[in-house]
Amino acid sequence: MRLVIATPLEGEFVERIRAVAPRQVEVLHEPELLPPVRYPSDHRGDPGFRRAPDAEERWEELIAGADILWDIPPDRSEGGNVVDGARALRWVQTTSAGVGPRVQRLGLAERGVIVTTARGLHAGPLTEFTFMVLLARAKGYEYLKREQEMRRWQLYCTDSLAGKTLAIVGLGGIGRRIAATGKAFDMRVYGLVREGQQATAAELGVDRVFRRAELHDMLRETDALVLCAPETPETISMIDRAALAALKRSAVLVNIARGSLVDEGALVTALLSGQLAFAALDVFRTEPLPPRSPLWDLENVLVSPHSASTVVQENERLTDLFCHNLGLFLEGRIEEMRNRYDPQRGY
């Protein structure tokens with residue numbers, strides 16, 4: 001069985017994968033065919049990387065012969081994806097959690113290809129990013145920096161997260177981790193869940209559960225709104241002009257989900273008018289964020305280049321997950337593999 005490492009991965013982790021079943025699986029890793037990385041855990045590599053014609057031919061041969069892929073390779077510059085030629089492909093382990101739209105576009109589920117995602121591996125880093133934002137706002141980080149620059153010693157008063165209402169859209173692994181941290185700060189925690197989800201508030205670790213039709217009711221009580229739901233037909237543009245108007249004027253929005261969940265034009269209007277106090281955005285409808293986007297210039301916006309989940313330990317954690325799933329896959333225990341993509345739900 002052929003396993004191809006299709007995006008950059010450190011050699012030490014490739015060797016760990018090889019050690020799982022060296023007699024059953026041939027692990028093919030050709031770093032010279034992969035783009036150079038720009039930072040630790042960079043799964044895309046240098047966007048300007050181009051293979052020579054003979055290297056591109058070798059690359060397509062590698063992917064075409066794969067039974068298993070570590071990650072979905074980037075799309076070709078001329079359109080399409082090299083996985084279209086991988087007719088023997090049986091399983092793909094992605095390095096991201098929100099891969100639904102891409103998996104659908106490539107038709108992997110329709111081909112019977114098993115897809116497992118990185119769901120849950122980014123819960124810690126994304127929770128840290130969320131509370132970096134909320135604590136900086138509550139404790140006046142920007143104010144303190146300005147005062148320091150002025151060499152001014154002026155006693156002042158801060159706010160506290162305790163007693164504030166934290167509303168989370170999406171109570172998967174990331175949302176529940178954020179909820180638990182919010183509870184540790186003595187926040188009141190609400191959660192918006194998808195239709196059909198039967199778990200109780202206590203089971204999900206929140207104080208109250210809301211359904212989609214109750215979104216505005218939840219937002220009216222919200223001090224901090226965190227988006228961590230996948231992109232589905234139900235979530236696209238759910239934070240629109242009316243939703244933003246329902247929020248308190250002092251509210252903070254943190255989007256660590258997908259840019260498509262928010263109407264960016266309405267968001268800019270709300271931020272300019274003071275309808276929304278602050279937004280920390282790790283994701284955008286168009287990425288990279290276009291230079292002319294007004295979001296770059298707003299003082300009450302923090303722009304993060306879709307990197308809040310990326311930490312130096314990421315590839316180690318992904319390798320742990322992949323090796324676990326590889327053992328199950330080889331034993332035919334497909335149903336027990338972690339993080340299997342559900343084509344019905346889209347994540």
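Please read these numbers as outputs of a predicted model, since none were measured by experiment.
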Novice: Which atom pair, heavy atoms only, marks the closest approach of Pro230 to Thr235?
Specialist: O-OG1, 2.8 Å
Novice: If you draw a 6.0 Å radius around CD in Glu61, do more than 12 non-hydrogen atoms from other residues or ligands fall strictly inside?
Specialist: yes
Novice: Donor-acceptor pair, distance only, cut-off 3.5 Å: does the side chain of Ser41 make one with the backbone of Val311?
Specialist: yes
Novice: Closest approach of Val37 and Pro8, non-hydrogen atoms and distance?
Specialist: CG1-CB, 3.4 Å
Novice: For Asp75, is there an ion pair with Arg102 - N to carboxylate O distance below 4.0 angstrom?
Specialist: yes
Novice: For Arg90, does the CZ atom sit with more than 12 other heavy atoms under 6.0 Å from it, leaving out its own atoms?
Specialist: no
Novice: Quick one: does Asp282's side chain have a donor or acceptor within less than 3.5 Å of a partner on His306's backbone?
Specialist: yes
Novice: Ignoring hydrogens and geometry beyond distance, is a side-chain donor-acceptor pair present between Glu214 and Tyr190 at under 3.5 Å?
Specialist: no
Novice: Tyr143 vs Gln154, test: side-chain hydrogen bond (donor to acceptor under 3.5 Å, both in side chains). Steps then yes/no.
Specialist: CA-CA 11 Å; Tyr143 167 80; Gln154 179 70 47; over 6 Å; no
Novice: Does a salt bridge link Glu15 with Arg18, judged by any charged N lying under 4.0 Å from a carboxylate O?
Specialist: yes
Novice: Atom CZ in Arg194, atom CZ in Arg212: separation rounded to 0.5 Å?
Specialist: 15.0 Å
Novice: Do Ile63 and Val115 share a hydrophobic cluster (ILVMFWY, side-chain heavy atoms under 4.5 Å, transitive)?
Specialist: yes
Novice: Would you say Val20 and Val25 make side-chain contact, with heavy atoms under 4.5 Å?
Specialist: no
Novice: How many angstroms lie between atom CG of Asp223 and atom CG of Leu166, to the nearest 0.5 angstrom?
Specialist: 9.0 Å
Novice: Counting C-beta onward and ignoring hydrogens, is there a side-chain heavy-atom pair between Glu231 and Pro101 closer than 4.5 Å?
Specialist: yes
Novice: Can you tell me how far CG of Leu261 sits from CE of Met238, rounded to the nearest 0.5 angstrom?
Specialist: 6.5 Å
Novice: By the definition side-chain contact (heavy atoms from CB on, under 4.5 Å), identify the one residue from Leu3, Ile17, Leu34, Leu62 that meets it with His29.
Specialist: Leu34
Novice: Whether Arg58 and Glu30 form a salt bridge (side-chain N of Lys/Arg under 4.0 Å from carboxylate O of Asp/Glu) is what I want to check.
Specialist: yes
Novice: Look at the side chain of Asp320 and the backbone N and O of Cys323, then say whether any donor-acceptor pair between them is shorter than 3.5 Å.
Specialist: no
Novice: Looking at every non-hydrogen atom in both residues, tell me the closest pair between Ala6 and Pro73 and how far apart they are.
Specialist: CB-CG, 3.8 Å
Novice: With distance as the sole test, does Ser307 use its side chain to make a donor-acceptor pair with the main-chain N or O of Pro305 at under 3.5 Å?
Specialist: yes
Novice: Do the non-hydrogen side-chain atoms of Arg338 and His324 ever get within less than 4.5 Å of each other?
Specialist: yes
Novice: Does the side chain of Asn315 come under 3.5 Å of the side chain of Glu10 through a donor N or O and an acceptor N or O?
Specialist: yes
Novice: Run Val92 and Ile114 through side-chain contact (heavy atoms from CB on, under 4.5 Å) and show every step you take.
Specialist: CA-CA 6 Å; Val92 178; Ile114 299 164; over 6 Å; no
Novice: Can you measure from CG (Leu121) to CD (Glu314) and round to the nearest 0.5 angstrom?
Specialist: 7.5 Å
Novice: Check this for me: does any side-chain nitrogen of one of Arg38 and Asp46 sit under 4.0 Å from a carboxylate oxygen of the other?
Specialist: no
Novice: Going from CG on Leu247 to CG on Leu276, what distance comes out if it is rounded to the nearest 0.5 angstrom?
Specialist: 6.5 Å
Novice: Is there a path of hydrophobic side-chain contacts, each under 4.5 Å between heavy atoms of I/L/V/M/F/W/Y residues, joining Val252 to Val268?
Specialist: no
Novice: Mind checking whether Trp70 and Phe322 have parallel, tilted or perpendicular rings, split at 30° and 60°?
Specialist: perpendicular
Novice: Report the C-alpha distance between Thr7 and Arg44 in whole Å, list the side-chain angles of each, state the deciding distance to 0.1 Å, and finish with yes or no for side-chain contact (heavy atoms from CB on, under 4.5 Å).
Specialist: CA-CA 7 Å; Thr7 56; Arg44 294 179 180 273; over 6 Å; no
Novice: Indicate if Tyr347 and Leu192 have the same hydrophobic cluster label, given that clusters are the connected sets of ILVMFWY residues with side-chain heavy-atom separations under 4.5 angstrom.
Specialist: no
Novice: Using distance alone, with no hydrogens and no angle criterion, decide if Asn339 and Thr116 have a side-chain donor and acceptor under 3.5 Å apart.
Specialist: no
Novice: Assigning hydrophobic clusters by single linkage (Ile, Leu, Val, Met, Phe, Trp, Tyr; side-chain heavy-atom cutoff under 4.5 Å), is Phe278 placed with Leu244?
Specialist: no
Novice: Without swapping roles, check the side chain of Arg176 against the backbone of Leu171 for a donor-acceptor pair under 3.5 Å.
Specialist: yes
Novice: Taking Glu331 for its side chain and Leu328 for its backbone only, find out whether a donor-acceptor pair lies under 3.5 Å.
Specialist: no
Novice: Do Arg285 and Ser293 meet the criterion of a side-chain donor-acceptor pair at a distance under 3.5 Å?
Specialist: no
Novice: Say whether, by atom type as modelled, one donor and one acceptor occur between the side chain of Asp67 and the main chain of Arg2 under 3.5 angstrom.
Specialist: yes
Novice: Below 4.0 angstrom, N of the basic side chain to O of the carboxylate: do Asp159 and Lys139 qualify?
Specialist: no
Novice: Can you tell me if Arg105 has over 12 outside heavy atoms packed within less than 6.0 Å of its CZ?
Specialist: yes
Novice: Taking Lys164 first and then Glu221, would you say they form a salt bridge - that is, a charged N and a carboxylate O separated by under 4.0 Å?
Specialist: no
Novice: Hey, does Ile68 have a side-chain heavy atom less than 4.5 Å from the side chain of Val4?
Specialist: no
Novice: Under a 3.5 Å distance rule, please check whether Ser237 uses its side chain to pair with a backbone N or O of Asp240 as donor and acceptor.
Specialist: no
Novice: Considering non-hydrogen atoms only, spot the tightest contact between Ser96 and Thr117 and give its length.
Specialist: O-CB, 3.6 Å
Novice: Would you call Ile256 and Val283 a side-chain contact if the rule is heavy atoms closer than 4.5 Å?
Specialist: no
Novice: Run the numbers on Glu26 and Leu28 for side-chain contact (heavy atoms from CB on, under 4.5 Å), then give the verdict.
Specialist: CA-CA 6 Å; Glu26 179 185 13; Leu28 300 174; 3.4 Å; yes
Novice: More than 12 non-hydrogen atoms from neighbouring residues, nucleotides or ligands closer than 6.0 Å to CZ on Arg76, yes or no?
Specialist: yes
Novice: Does any part of the side chain of Leu135, heavy atoms only, come nearer than 4.5 Å to the side chain of Met132, both counted from C-beta?
Specialist: no
Novice: Please report the closest heavy-atom contact between Met337 and Trp91, naming both atoms and the distance.
Specialist: CE-CE2, 3.4 Å
Novice: Check the pair Met187, Thr181 against side-chain contact (heavy atoms from CB on, under 4.5 Å), reporting the backbone distance first and the verdict last.
Specialist: CA-CA 9 Å; Met187 301 182 80; Thr181 306; over 6 Å; no
Novice: Does this structure show an ion pair linking Lys183 with Asp186, if we count only N-O contacts that are shorter than 4.0 Å?
Specialist: no
Novice: Would Val133 and Val226 show up in the same hydrophobic cluster when neighbours are defined by side-chain heavy atoms closer than 4.5 Å?
Specialist: yes
Novice: Closer than 3.5 angstrom, by distance alone: can the side chain of Arg51 be matched with the main-chain N or O of Leu33 as a donor-acceptor pair?
Specialist: yes
Novice: Just so I know, are the side chains of Ile334 and Arg340 near enough to count as touching, which here means a heavy-atom distance under 4.5 Å?
Specialist: yes
Novice: Scan side-chain atoms only and decide if Thr232 and Glu234 contain a donor-acceptor pair under the 3.5 Å cut-off.
Specialist: yes
Novice: Could you tell me which non-hydrogen atom of Ile168 sits nearest to which non-hydrogen atom of Gly175, and how far apart they are?
Specialist: CD1-O, 3.5 Å
Novice: In Å, rounded to the nearest 0.5 Å, how long is the span from CG of Leu289 to CD of Glu264?
Specialist: 7.0 Å
Novice: Would you find a donor on one side and an acceptor on the other, under 3.5 Å apart, between the side chain of Arg87 and the backbone of Asp84?
Specialist: yes
